[in-house]
Amino acid sequence: MKKEELIKGKWYKVLNYSSVYYKFNDWLKGENYIKMTEYYDYGKPFPNQRASNNQFWETARLATLDELKSFLPKDHPDLLLTRTYELW
């Protein structure tokens with residue numbers, strides 16, 4: 001996946017590492033790194049990190065809800081599901 005295809009606010013799993021997840025924040029055009037709002041390495045949190053290793057975006061895929069449940073605290077906002085209704 002290219003850096004340009006990453007979606008801000010979404011969680012990704014780095015496939016080249018067995019238990020590395022991050023919540024994408026941003027990348028700057030011309031820079032060779034991405035910014036992460038949250039980063040978990042084997043369940044240990046590291047907020048506001050950067051990654052210049054291109055494996056973080058080239059081998060990334062969207063993380064599943066079950067994967068997020070395995071390391072995020074139960075009260076984490078990304079685990080809270082809310083129903084959305086559209087009124088006509």
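- Residues meeting the side chain to side chain contact (heavy atoms under 4.5 Å, CB included) test with K2, sequence neighbours left out: E4, E5.
- Under the 4.5 Å side-chain heavy-atom criterion for ILVMFWY residues, no single connected hydrophobic cluster contains both L72 and F46.
- Residues passing the side-chain hydrogen bond (donor to acceptor under 3.5 Å, both in side chains) test with N54, sequence neighbours excluded: E58.
- With sequence neighbours left out, the side chain to side chain contact (heavy atoms under 4.5 Å, CB included) criterion links A63 to W11, Y21, E67, L68.
- Annotation: side chain of L6 is in contact with side chain of M1 (closest heavy-atom distance under 4.5 Å).
- Here Y33 contributes atom OH and K3 contributes atom NZ; the two are 9.5 Å apart, rounded to the nearest 0.5 Å.
- With sequence neighbours left out, the ring pair (Phe, Tyr, Trp, His ring centres under 6.0 Å) criterion links Y12 to Y22.
- Taken to the nearest 0.5 Å, the OG1 atom of T37 stands 6.0 Å off from the NZ atom of K23.
- Heavy-atom minimum distance, V14 versus T59: CG1-OG1, 3.9 Å.
- Take E38 and apply the side-chain hydrogen bond (donor to acceptor under 3.5 Å, both in side chains) test, not counting sequence neighbours, and it matches H76.
- The nearest pair of heavy atoms linking Y39 to D41 is OH-OD2, 3.4 Å.
- Hydrophobic clustering (ILVMFWY, side-chain heavy atoms < 4.5 Å, transitive): Y40 and L65 are in one cluster.
- How far CE of M36 is from CZ of F24: 10.0 Å, rounded to the nearest 0.5 Å.
- When only modelled atom types and interatomic distance are considered, S18 and Y42 share a side-chain donor-acceptor pair under 3.5 Å.
- Residues satisfying the side chain to side chain contact (heavy atoms under 4.5 Å, CB included) criterion with D66, sequence neighbours excluded, are T64, K69.
- At least one side-chain heavy atom of F56 sits under 4.5 Å from a side-chain heavy atom of Y17.
- We find the CG-NZ distance between N25 and K8 to be 5.0 Å, quoted to the nearest 0.5 Å.
- Linking Ile, Leu, Val, Met, Phe, Trp and Tyr residues whenever their side-chain heavy atoms come within less than 4.5 Å leaves L28 and I34 in two separate clusters.
- Nearest heavy-atom pair across G43 and P45 is O-CD, 3.6 Å.
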